[in-house]
Amino acid sequence: MATAAANRRVVLKEYVEGYPREEHMELLPGGEVSLRLTGEEPAGSVLVRNLYLSCDPYMRPKMSRPLRESYTAAFVPGAAITGYGVARVLDSSDPRFSPGDLVWGITGWEDYSVVKPPATAFLAKISHAGEGVPLSYYTGILGMPGLTAYVGFHEICSPKKGETVFVSAASGAVGQLVGQFARLAGCYVVGSAGSAEKVELLKSKFGFHDAFNYKEEPDLCAALRRCFPEGIDIYFENVGGAMLDAVLLNMRVHGRIAVCGLISQYNLAEGEKDAVRNLAAVIAKRLRLQGFIEPDHKHLYPKYEEWVLPYIRDGTITYVEDVAEGLESAPKALIGLFHGRNVGKQLVRITDE
């Protein structure tokens, strides 16, 4: 049995301003890495072979020079990019994990990673792969995006049967799930996306009652009035900017807005970011607008997993993935998120080993 292997890694070369480009990242061949812990690592470390990597919009702010405190630290130029992924444990000094275990959580954009405390707190053992559940789902519906959709919709927005729901970036990793959760809750749900292909996907595969291509709408406020003549009860926010401004004018009294992401703003300089001009509607309509992040709600994962697994297995909930092949494809796959190139959840398959 081999005791060492070459470890390729994708690093951030420099902090990014504006839209990231592939040349902002670099695939390095790397040196040899031991396939066993050496004993020099902190107690509780886990050595893993990375299998799948997740590409997520929240990774873009981490590519910028840190100017203010945030809920997540910026990437370090010259070091491997980190993000959610699926991996196989090779060695562990954490009693929760044994060699051969499959795990999901925060890992590196590299072939092999040593996950050290406190990052090991974000690793979770996978128990249901191979039971009608693709392993890749733990980057999406059974990973961070799935819990994000569940918490934002069910815990923050507290839906009631018959309510109206709007989801922006609705064909993405989180949005496609929110739409299906809304349908299951007996709500009327409409989504927006950036192409005719994605709009058709929302209606034909995910069961949205209606959808529109925001790029073809000269007046977003008018588009929302057309879809919601009596207003919106729940908005699942993934976009920000002009879309949020239009939604505020179309919310119903006592509506709820779960702020998951603001992808339209991530590539803009500070002076270019869109001002939200209709915030007075929050008062006039007594709206609840709440931002949230998935790590704050990890304790709800067992409840979510138990709830969603039967729906996955019987086909009630479907999930579309956009899979890029090989570690070398990771930079292009991540950048594609910010240009709308992905259809469904964007992930990278490194190996099936």
Does either side chain, that of [X] or that of [Y], offer a donor lying less than 3.5 Å from an acceptor on the other one?
X    : Y    : answer
S192 : N213 : no
K345 : S136 : no
S45  : S93  : no
S92  : D94  : no
D274 : Q265 : yes

So, taking the atom named [atom1] in [X] and the one named [atom2] in [Y], what distance separates them when rounded to the nearest 0.5 Å?
X    : Y    : atom1 : atom2 : answer
I350 : W109 : CD1   : CH2   : 9.0 Å
K273 : S264 : NZ    : OG    : 9.0 Å
L262 : L244 : CG    : CG    : 7.5 Å
Q290 : E155 : CD    : CD    : 10.5 Å

Tell me the side-chain hydrogen bond (donor to acceptor under 3.5 Å, both in side chains) pairs involving [range], sequence neighbours left out?
range            : answer
residues 80-91   : Y84-E294
residues 18-29   : R21-E23
residues 327-344 : R8-E328
residues 218-229 : E217-R226

Of all heavy-atom pairs between [X] and [Y], which one has the smallest distance, and what is that distance?
X    : Y    : value
Y58  : G83  : OH-CA, 3.7 Å
A185 : F153 : CB-CE2, 4.1 Å
C260 : T148 : SG-CG2, 3.5 Å
I234 : C157 : CG2-SG, 3.6 Å
Y15  : A74  : CE2-CB, 4.4 Å
T351 : N50  : CG2-O, 3.6 Å

Heavy-atom side-chain proximity of I156 to R256 below 4.5 angstrom: no

Flag side-chain contact, heavy atom, 4.5 Å: H254 against L287: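 Of all side-chain heavy-atom pairs linking L287 with H254, none is under 4.5 Å.
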
Apply ring-ring contact (aromatic ring centres under 6.0 Å, His included) to [X] and list each qualifying residue two or more places apart in sequence or on a separate chain.
X    : answer
Y304 : Y150
Y235 : F166
Y301 : W104

Using links of under 4.5 Å between side-chain heavy atoms of ILVMFWY residues, direct or through other members, which residues join [X] in one cluster?
X    : value
V11  : L28
L37  : V33, L35, L47, L90, Y112, V114
L249 : none

Aromatic ring proximity, centroids under 6.0 angstrom, Y266 and F338: no

Exceeds 12 heavy-atom contacts within 6.0 angstrom, atom [atom1] of [X]:
X    : atom1 : result
E325 : CD    : yes
K203 : NZ    : yes
R96  : CZ    : yes
K303 : NZ    : no

Can you tell me if [X] uses its side chain to pair, donor with acceptor, with the backbone of [Y] under 3.5 Å?
X    : Y    : result
R9   : E110 : no
R313 : Y311 : no
E41  : G39  : yes
N250 : V247 : no
N7   : D111 : yes
K285 : M251 : yes
Q180 : T318 : yes
S168 : E237 : no
S34  : A4   : no
D245 : G241 : no

Test log, rule side-chain contact (heavy atoms from CB on, under 4.5 Å), inputs L51 and D352: CA-CA 6 Å; L51 307 177; D352 289 322; over 6 Å; no

Distance-only check: which donor-acceptor pairs under 3.5 Å involve side-chain atoms of residues 117-130, not counting sequence neighbours?
residue, atom, partner, partner atom, Å
H128, ND1, E131, OE1, 3.3

Transitively linked via ILVMFWY side-chain contacts under 4.5 Å: [X] with [Y]?
X    : Y    : value
L53  : V76  : no
V174 : M243 : yes
L135 : L142 : yes
V115 : M59  : no
Y214 : V190 : yes

Partners passing side-chain hydrogen bond (donor to acceptor under 3.5 Å, both in side chains) against R60 (at least two apart in sequence or in another chain): S64, N267

Worked check of side-chain contact (heavy atoms from CB on, under 4.5 Å) between V165 and I232: CA-CA 6 Å; V165 179; I232 301 166; over 6 Å; no

Derivation and outcome, side-chain contact (heavy atoms from CB on, under 4.5 Å), residues T139 and V86: CA-CA 7 Å; T139 68; V86 172; 3.8 Å; yes

Criterion side-chain contact (heavy atoms from CB on, under 4.5 Å) on V189 and V167, from CA distance to verdict: CA-CA 8 Å; V189 58; V167 185; 4.1 Å; yes

Criterion ring pair (Phe, Tyr, Trp, His ring centres under 6.0 Å) on F181 and W307, from CA distance to verdict: CA-CA 11 Å; F181 295 173; W307 176 81; 5.0 Å; yes

